[in-house]
Amino acid sequence: MKSTFVLLTIILSFSTNAQLSYEIIESVSADRIEKDINKLVSFGTRHTMSETDSDTRGIGAARRWIKSEFEKISNECNGCLEVSMHRTLEKGNAKTRITKDTEIVNVLAIKRGTKYPNRYVIMAGDIDSRVSDALNYTDDSPGANDNASGMAGVIEAARVLSKYDFESSILLVGLSGEEQGLYGGKYLAAKAIEEGWDIVGVLNNDMIGNIEGVDGVIDNRTFRIFSEPTNPKDSDFQERMRRYYGGEVDGISRQLARYVYKMTKTYMPEMNPMMIYRLDRFGRGGHHRPFCDVGFAGIRIMEAHENYTQQHQDIREEDGIKYGDVIEHVNFEYAAKLTSVNAITLAALASAPPQPANVKIGGAVKPSTTLAWDPVEDENLAGYKIYFRATTSPTWDNYRLVEPGLSEFTLEGIVIDNYLFGVASVGKDGTESLVVFPGEVMR
């Protein structure tokens, strides 16, 4: 009877969660994203070492404008956003891409959680841009797609999500210094550790506006979700245990990628999310990496088909090819779609109960599998989902609902050798936490 009650509760509340997701999707505006990308391009260059005193050119003007946009949004919701700048001085070094003393400035807007104010879900975009020479901070560098598109998506997500309250905090942030070495992310991750932030995950948006690849493919539905397989902070013991118990593709960032995939497939079925089993593109990097480096879950969301003639290029024409990251190459409807993917994911994670802690598993040489976890103390908890999937499946395909009063459950007839398992918390509104892969074996 209790399992039936839990199932009915979640089914009945699903409509509430679904309605919020659909409202958010419908609220995201391609026109506003186009306007914001145009504004960011208008600053000429947003190179990290560019002009900071001018009100019309350079990264200083760009970041002040971003801050002013966050403040406008906050004013419209009676001060619901905490807007600030996070500043760090990077000393000049001729051996790096920061050759003179440069202030690295991130722009933050926090929608503070009503119940878990120190628990954060983060959406990030990059403020800076560059041309062919990474040290050229004077020439025009529009950076329309890389990465005015991602930054405009962050601003638009702030506009839409500011209208709602969430139990956990949502941080919308523009990061600086990406093209010079991921400085903004590195310093913000250090701040998070110093201040003890509980980060659920980081959604890094870097190039979300191009639909025509250098290979000639045109695709306005597909996008990529990059995630590394395991946590780089795991101990040697944890790495050894994976040889015997599994988990080679079940790190915290991979669970975040699966969550984005599931949200997209559920509420935006016209889109085609590609989970890429890699930290980032081959040999390249993005601003989620500094967060992953220190043990937080982080992924990169971006277009599926890149055009390298429009990335990190001086504006020119050679052999009939027009080079440069100019606004003519940005598809604003596509950027709006990927912004919606972010926004519904942020809303769901910020509404969900905390994820289960200390998940354990047992069942060797038995015709059943048992999972146990620490109870989640939350009055809005509707129960748990024990997920399991074939070892070759990229997604959580099967689950069993469990009553909120339980913290251990046995799946009869499910042989532990043949599946991978995880546990998620489920709220009364139908939202779910990230799935937690077992970290300990029960004897």
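No side-chain donor-acceptor contact under 3.5 Å links R389 to the backbone of P394. S368 places no side-chain N or O within 3.5 Å of a backbone atom of E412 that could act as its donor or acceptor partner. Although no hydrogens or angles enter the test, the distance criterion places a donor-acceptor pair under 3.5 Å between the side chain of S162 and the main chain of A158. Remark: the backbone N or O of I127 is not paired with any side-chain donor or acceptor of R63 at under 3.5 angstrom. A distance-only check finds a donor-acceptor pair linking the side chain of T369 to the backbone of I414 [under 3.5 Å]. Distance alone, capped at 3.5 Å, places no donor-acceptor pair between the D126 side chain and the M151 backbone. In terms of modelled atom types and a separation under 3.5 Å, the side chain of R224 and the main chain of M275 share no donor-acceptor contact.
Note: Y334 OH to S149 OG = 9.5 Å, rounded to the nearest 0.5 Å. In this structure, CH2 in W396 is found 11.5 Å from NZ in K262, a value given to the nearest 0.5 Å. N205 contributes atom CG, which lies 9.5 Å from atom CZ of R300 (distance to the nearest 0.5 angstrom). Rounding to the nearest 0.5 Å gives a distance of 9.5 Å between OG of S68 and CD1 of I73.
D36 has a carboxylate O that lies under 4.0 Å from a charged side-chain N of R159, or vice versa, which qualifies the two as a salt bridge. The pair R284-E306 meets the salt-bridge criterion, since a charged nitrogen lies less than 4.0 angstrom from a carboxylate oxygen. Using a 4.0 Å cut-off between charged nitrogen and carboxylate oxygen, E179 and R97 do not count as a salt-bridge pair.
The side-chain heavy atoms of V436 and W373, taken from C-beta on, include no pair separated by under 4.5 Å. The closest side-chain heavy-atom distance from R242 to D234 is below 4.5 Å. In this structure the side chain of Y277 reaches within 4.5 angstrom of the side chain of R254, judged on heavy atoms. Within the 4.5 Å cutoff, the side chain of T391 has no heavy atoms near those of the D417 side chain. Using a 4.5 Å heavy-atom threshold, the side chains of H287 and L188 count as separate. Here the side chains of S176 and I59 are in contact, with some heavy-atom distance below 4.5 Å. M263 places a side-chain heavy atom less than 4.5 Å from the side chain of S21. Residues D293 and R289 form a side-chain contact, since some pair of their non-hydrogen atoms from C-beta on lies under 4.5 Å apart.
No hydrogens or angles considered: a donor-acceptor pair under 3.5 Å links the side chains of N380 and E167. There is a side-chain donor-acceptor pair under 3.5 Å between Q180 and T48.
Between V359 and the options D374, I386, L371, a side chain to side chain contact (heavy atoms under 4.5 Å, CB included) holds for only L371. Under the side chain to side chain contact (heavy atoms under 4.5 Å, CB included) test applied with S129, the options N145, T45, V41 reduce to a single match, T45. Results of the side chain to side chain donor-acceptor pair (under 3.5 Å) test with E432 over Y259, Y384, Y387 single out Y387 as the only residue that passes.
Classification of the Y22-Y267 ring pair by plane angle, with boundaries at 30° and 60°, yields perpendicular.
The list of salt bridge (charged side-chain N to carboxylate O under 4.0 Å, His left out) pairs with a residue in residues 325-338, not counting sequence neighbours, reads E270-K337.
Remark: R400 is not positioned above the aromatic ring of F388, lacking an NZ or CZ atom under 6.0 angstrom from the ring centre and at most 45 degrees off the axis.
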